[in-house]
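In what follows, chains carry the letters A, B, and so on, assigned in the order in which the sequence lines appear, proteins first and then strands, with residues in each chain numbered from 1.
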There are 2 protein chains.
Amino acid sequence: MAARTYGQYCGVVTALELVGERWALLIVRDLLVGPRRYSDLKAGLPRIPTNILATRLKELQAAGVVRRVPLAHGLVYDLTEYGRGLEDVVLALGRWGFRAMGEPGADDVVTPDSMTMAFRTAFRPAAAAGWVGTFVVHVGDVVLTLTVDDGDLTVTRGPTDGAALTFAAGPAIREVIAGRVSPDDAVRTGVVHVLDGDPAALTRFAEIFHLEAEPAPVVPV
Amino acid sequence: MAARTYGQYCGVVTALELVGERWALLIVRDLLVGPRRYSDLKAGLPRIPTNILATRLKELQAAGVVRRVPLAHGLVYDLTEYGRGLEDVVLALGRWGFRAMGEPGADDVVTPDSMTMAFRTAFRPAAAAGWVGTFVVHVGDVVLTLTVDDGDLTVTRGPTDGAALTFAAGPAIREVIAGRVSPDDAVRTGVVHVLDGDPAALTRFAEIFHLEAEPAPVVPV
DNA sequence: CGGGATCCCTTAGGATACTG
DNA sequence: CAGTATCCTAAGGGATCCCG
């Protein structure tokens, strides 16, 4: 056991010893969206072996990051207050990883919780200041409602009536969020399919949800 | 090989596939201080197996995070511009991990590079605004010079003349940085040993270098 | 059906030795 | 100095099974 420690007295090392194991931060990512049952977590992380999920949940509890909350029937896992402090870490990782995202792999999936955190990552409160409205986004079979209220963002699953704009998009939506494809071009080239509302609102969307594309990785030949 | 992927199209997953393996972020942490030779990295990570260090360095190069730079004699590893973008991640991890740090383990070590990043993490530009001066800190056998210049911090190895304050401290220095022990108490109880300069300058130090102690983890019984 | 535990096998990672 | 080579352990992956 002591063999698998990093053996340094350092905050980064302490953090990695708590949440540095494989899958741990992805469990945290999903729990940042809300409390989840075991089966929810399993569904949100289709490739996690069930024994690993069980092991991680125990480790995260022992670390004071996650706690079990008994429910009327069943139970949920929730982040502790300390665990919620990982939001900065997860957002920073998402922001950095975004710049290395290429095309999705053949069997890559998109989950509601990962998309929710992605939109939280891309959200720019300053750009949303003074604006109130709702977007409904379809990506794959994930449908999310993004409720923007003057610098605050709430993401919920499923559609909502009365959205300023409802649209469907594929993975190429990242080009819009990166600012590499203009909203107009996105609509014209079919990257974005407007289902309802005013297509012009996509400009507002791109202002509010934006991630830096640079510096992107340059891989050696 | 595809078996060890997370299988999600998501920024966090992309990031973890690039720097989520064991030891990877600690290599990055040390490289954030400056370019390092293979043997420097090995010295800074005493418990890393040499084959793992070699493997990680190759992976980090392939990911566009690290590059080899040939030198007059020998070579160094340096972060790419993209790799430097991980500073946010490492600082966020350090900030979060700090709150879970207890007493150091029996064979925990402290390295110059990890300490350097720790002081960078704790540095508060706003608190340093308008102030120019130098601290020399001894922790274990690590000696660092912290040069504060009106919101900018430079950390260098070894001592410097003309410091506003030179002091030695043990791991309990974290209590001062957390604000749980006042500078005065720290001097009185021997947590901090003033070697040179005006002990009153420790107050300034504690203002400039500060990390939140809460919320700290509460571990279940 | 939610919430795991168990089994087996593969491979990453740890320890140590050795080389261009 | 900058890594390979080797051997071994333990963590992770995959499937199945179990229990309230």
Discussion item. Nearest to the side chain of B:Leu75, heavy atoms from C-beta on, is which of D:dG3, C:dG14, D:dC1?
Written reply: D:dG3
Discussion item. Quick one, B:Arg157 and B:Val143 - any side-chain contact, counting heavy atoms below 4.5 Å?
Written reply: no
Worksheet entry | Contact under 4.0 Å: A:Tyr77 side-chain N or O vs C:dG2 OP1/OP2 | no
Worksheet item: In whole angstroms, how far is the P atom of D:dG3 from the NE2 atom of B:His73?
Response: 16 Å
Fill in: Side-chain heavy atoms of A:Asp113 within contact of A:Arg29, under 4.5 Å
no
Worksheet item: Which whole-number value in Å describes the distance from A:Leu60 CG to C:dG4 P?
Response: 13 Å
Item to complete: For residues A:Val19 and A:Ala24, report the shortest heavy-atom separation together with the two atoms involved.
Response: O-CB, 3.7 Å
Item to complete: Using atom CD of B:Gln61 as one end and atom C1' of D:dG3 as the other, report the distance to the nearest whole Å.
Response: 12 Å
Discussion item. Looking at B:Trp23, I'd like to know whether one of its side-chain N or O atoms comes within less than 4.0 Å of OP1 or OP2 on C:dG14.
Written reply: yes
Item to complete: Could you state the atom-to-atom distance from CD1 of A:Ile52 to C1' of C:dG3 in whole Å?
Response: 16 Å
Every protein N/O lying under 3.5 Å from an N/O of nucleotides 4-6 of chain D:
from: D:dT4; atom 1: OP1; to: B:Lys58; atom 2: NZ; distance (Å): 3.1
from: D:dT4; atom 1: O4; to: B:Thr50; atom 2: OG1; distance (Å): 2.9

Item to complete: Would you check if A:Thr5 and B:Arg47 make a side-chain contact, meaning some heavy-atom pair closer than 4.5 Å?
Response: yes
Fill in: Under-4.0 Å salt bridge between A:Arg174 and A:Glu103
yes
Discussion item. Does D:dG12 have OP1 or OP2 under 4.0 Å away from a side-chain N or O of A:Arg56?
Written reply: yes
Worksheet entry | Test item: B:Met117 and B:Leu91 side chains (from C-beta on) under 4.5 Å apart, heavy atoms | yes
Discussion item. Does D:dA2 have OP1 or OP2 under 4.0 Å away from a side-chain N or O of B:Arg68?
Written reply: no
Fill in: Approximate separation, where rounding is to 0.5 Å, of A:Phe209 CZ and A:Leu146 CG
4.5 Å
Worksheet entry | Nucleotide nearest B:Glu21 when distance is taken to its side chain, options D:dG12, C:dA12, C:dG14 | C:dA12
Practice prompt. Take the protein atom NZ of B:Lys42 and the nucleotide atom P of C:dT16, then report the distance between them rounded to whole Å.
Written response: 11 Å
Practice prompt. Could you check if a side-chain atom of B:Arg4 sits within less than 4.5 angstrom of a side-chain atom of A:Arg22, using non-hydrogen atoms only?
Written response: yes
Response to the item:
Of the listed D:dC1, D:dG14, D:dG12, the closest approach to the A:Arg47 side chain comes from D:dG14
Worksheet item: Rounding to a whole Å, what distance do you find between B:Leu26:CG and C:dG14:C1'?
Response: 16 Å
Name the pairs: protein N/O against N/O of nucleotides 8-10 of chain D, kept only if under 3.5 Å.
none

Worksheet entry | Interatomic distance, A:Tyr6 OH vs C:dG13 C1' [rounded to whole Å] | 11 Å
Discussion item. Taking A:Leu79's backbone N and O only, do any of them form a donor-acceptor pair with A:Arg84's side chain (distance below 3.5 Å, no angle check)?
Written reply: yes
Practice prompt. Using a heavy-atom cut-off of under 4.0 Å over every strand shown, decide if A:Leu53 touches base, sugar-phosphate, or nothing.
Written response: nothing
Practice prompt. Flag the pair A:Phe167 / A:Ile173 as yes when at least one side-chain heavy-atom distance between them is below 4.5 Å, and no otherwise.
Written response: yes
Fill in: Atom pair OG1 (A:Thr111) and CG (A:Leu26), whose distance is rounded to the nearest 0.5 Å
9.5 Å
For nucleotides 18-20 of chain C, which of its nitrogen or oxygen atoms have a protein nitrogen or oxygen under 3.5 Å away, and what is each distance?
none

Fill in: d(CG, B:Leu45; P, C:dA15) in whole Å
14 Å
Discussion item. Taking the six-membered ring of B:Tyr38 as reference, does the cationic atom of B:Arg68 (NZ for Lys, CZ for Arg) lie under 6.0 Å from its centre and within 45° of its axis?
Written reply: no
